[in-house]
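Below you'll find the structure, written out as structure tokens, and then a few comments.
Note: hydrogens, waters and symmetry copies are ignored here, and every other heavy atom, side chains too, is used.
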Amino acid sequence: MAGLQTLLRKNGTPLIGLDISSSAVKLLELSRKGAGYHVDAYATEPLPPGAIADRQIQEPKLVGEAVARAVKKAGTRARQVAVAVPGTTAITKIVEMPVHLAEDELEAQLKAEADQYIPYPIDEVSLDFSILGPNPKNSAFNNVLLAACRKEQVERLCAAVEVAGLKPRVVDVDAYALENACQLLQPQMPDAGKGRTIALIDMGASTTAILVLHDNKTVFTRDQAFGGRQLSEDIMRSYGMTHDQAQLAKRSGALPEGYATDVLEPFITDMAQQIDRSLQFFFSSASQFTHVDQLILAGGCAHINGVDGQIQQRLQIPTAIARPLAGMGVASRIKPDLLAQDEATLMIACGLALRAFDEPRP
């Protein structure tokens, strides 16, 4: 189905994972090296104010120009990209479909029945589907994941990418990209995640995505309106800084005396409370789970010095910082220290970059 492609038809062409978040563009290109992966290109580039609001692109030209700067900074020659729409703008539903249907028959039937699942006219949405496997209760049916998004959202995203001279090859949903990247975190998990319950906390500028895995399968997802922008605003308010000055001070650590106790500590306390609130919501909605074995922190807030230890102390749950690129070789033009500074923010970009290695549909 045109427009929203959660599965990739493999053709050997290099693919850039491009995460366009509310505050920055993050670019990552991976290649295969034996049984693992190699980082071929990477860059981050801040977005100008007003380019994105409420997680939706408002100014495709400004976003495209930031993407172009990131491409130049990364030095990549790849021109095909995988991008993602926010989960808040997408509709996903698991439906049951007869196993005997060929792919084109399945597509036709889903289109014909789409109005049962999607509250928009079919000509206003982009659709795609993925066969998840046999329905455990009835082997005559497959469980099929149906994904839909308003065409306007997809078109704005693609327009921004095309401003930078790139070609959208995959349009995913950010929650699925995040889930896809979790395979890279298994070496950090106790027992590689097998039989364990792991909560990934990806805290962006304005939104925190919570993804809970059990036995390496997603059992819960939730987005919260909380993120690192609150810390920037606290710095601006406390020290009379502009937004750009606060961002630079956060990144460089050049903050006034008393920052750690007066500003940072209350923010981390709030951060811990937000995580705990999400976990309690998870436990109440999935009563078979009563604890998590590990928290993994991702996003910009994961780079706050010592935040993993402080969250662990407050919540009494083993906590680690996401290192999806650990053990990978890195291209000589990439500065390892800069990559390490940004690694925990690259989870969605990782999940998108991994689409290059998806198996094609039959």
Side-chain angles (χ1 to χ4, degrees), residues 1-10 84-85 87-150 154 170-183 186 189 191-200 209-223 281-293 351 354-355 357-362:
M1 296 185 183
L4 188 69
Q5 302 171 329
T6 57
L7 286 183
L8 171 65
R9 289 169 173 80
K10 190 193 299 186
V85 296
T88 52
T89 66
I91 297 169
T92 59
K93 188 173 181 63
I94 296 175
V95 299
E96 297 177 5
M97 287 289 159
V99 294
H100 63 78
L101 293 179
E103 184 177 344
D104 56 346
E105 296 173 321
L106 178 58
E107 180 175 337
Q109 186 162 334
L110 285 169
K111 281 185 175 180
E113 298 179 3
D115 59 352
Q116 298 179 34
Y117 316 114
I118 300 164
Y120 307 116
I122 188 66
D123 59 352
E124 293 182 9
V125 298
S126 296
L127 298 169
D128 199 23
F129 65 92
S130 174
I131 299 172
L132 302 178
N135 183 289
K137 296 181 180 179
N138 189 340
S139 60
F141 289 85
N142 278 327
N143 283 344
V144 178
L145 175 65
L146 177 66
C149 183
R150 294 290 291 267
V154 176
V170 177
V171 180
D172 205 341
V173 179
D174 58 6
Y176 296 141
L178 194 60
E179 179 181 7
N180 196 35
C182 283
Q183 61 186 278
Q186 289 179 14
M189 300 176 185
D191 300 321
K194 294 178 181 177
R196 299 291 191 138
T197 304
I198 310 294
L200 174 68
I210 295 91
L211 180 73
V212 182
L213 305 170
H214 180 72
D215 202 21
N216 291 313
K217 295 178 182 177
T218 300
V219 293
F220 177 81
T221 60
R222 187 175 189 235
D223 285 351
F281 192 87
F282 162 59
F283 297 140
S284 65
S285 63
S287 57
Q288 69 270 38
F289 298 101
T290 58
H291 74 286
V292 297
D293 295 296
L354 289 171
R355 294 300 187 200
F357 314 107
D358 284 354
E359 291 298 325
R361 285 177 175 161

For this session: Apply side-chain contact (heavy atoms from CB on, under 4.5 Å) to F129 and E103, showing your working.
Result: CA-CA 10 Å; F129 65 92; E103 184 177 344; 3.7 Å; yes
Exercise. Roughly how far, to the nearest 0.5 Å, is NZ of K217 from CD of E179?
Worked result: 11.0 Å
Exercise. Say you draw a straight line from CG of D172 to SG of C149; how long is it, rounded to the nearest 0.5 Å?
Worked result: 11.5 Å
Problem set entry | Nearest non-hydrogen partners of Q109 and L101, listed with the distance | OE1-CD1, 3.3 Å
For this session: Supply the atom-to-atom distance D358 CG to R355 CZ, rounded to the nearest 0.5 angstrom.
Result: 5.0 Å
Just list the side-chain donor-acceptor pairs under 3.5 Å for residues 87-100, sequence neighbours left out, or say none.
from: T89; atom 1: OG1; to: P86; atom 2: O; distance (Å): 2.8
from: T92; atom 1: OG1; to: Y176; atom 2: OH; distance (Å): 3.4
from: E96; atom 1: OE2; to: N135; atom 2: ND2; distance (Å): 3.0

Exercise. Can you tell which of L211, N216, T218, I198 makes a side-chain contact (heavy atoms from CB on, under 4.5 Å) with C182?
Worked result: L211
Exercise. Can you list the steps and then say if F282 with I210 is a side-chain contact (heavy atoms from CB on, under 4.5 Å)?
Worked result: CA-CA 10 Å; F282 162 59; I210 295 91; over 6 Å; no
For this session: Could you tell me which non-hydrogen atom of G351 sits nearest to which non-hydrogen atom of A181, and how far apart they are?
Result: N-CB, 3.6 Å
Exercise. Between CG of L178 and OG1 of T221, what distance do you get to the nearest 0.5 Å?
Worked result: 9.5 Å
For this session: Considering non-hydrogen atoms only, spot the tightest contact between A148 and I118 and give its length.
Result: CB-CD1, 3.5 Å
Problem set entry | Nearest non-hydrogen partners of F289 and F283, listed with the distance | O-CD2, 3.4 Å
For this session: Apply side-chain contact (heavy atoms from CB on, under 4.5 Å) to V85 and V171, showing your working.
Result: CA-CA 7 Å; V85 296; V171 180; 4.1 Å; yes
For this session: For residues G195 and D215, report the shortest heavy-atom separation together with the two atoms involved.
Result: N-OD1, 2.9 Å
Problem set entry | Spatial distance of atom NZ (K194) from atom CE (M189) [nearest 0.5 Å] | 12.5 Å
For this session: Hey, could you give me the CG/CG distance between L146 and D128, rounded to the nearest 0.5 Å?
Result: 8.5 Å
Exercise. What's the shortest heavy-atom distance between R196 and D293, and which atoms?
Worked result: CA-OD2, 3.4 Å
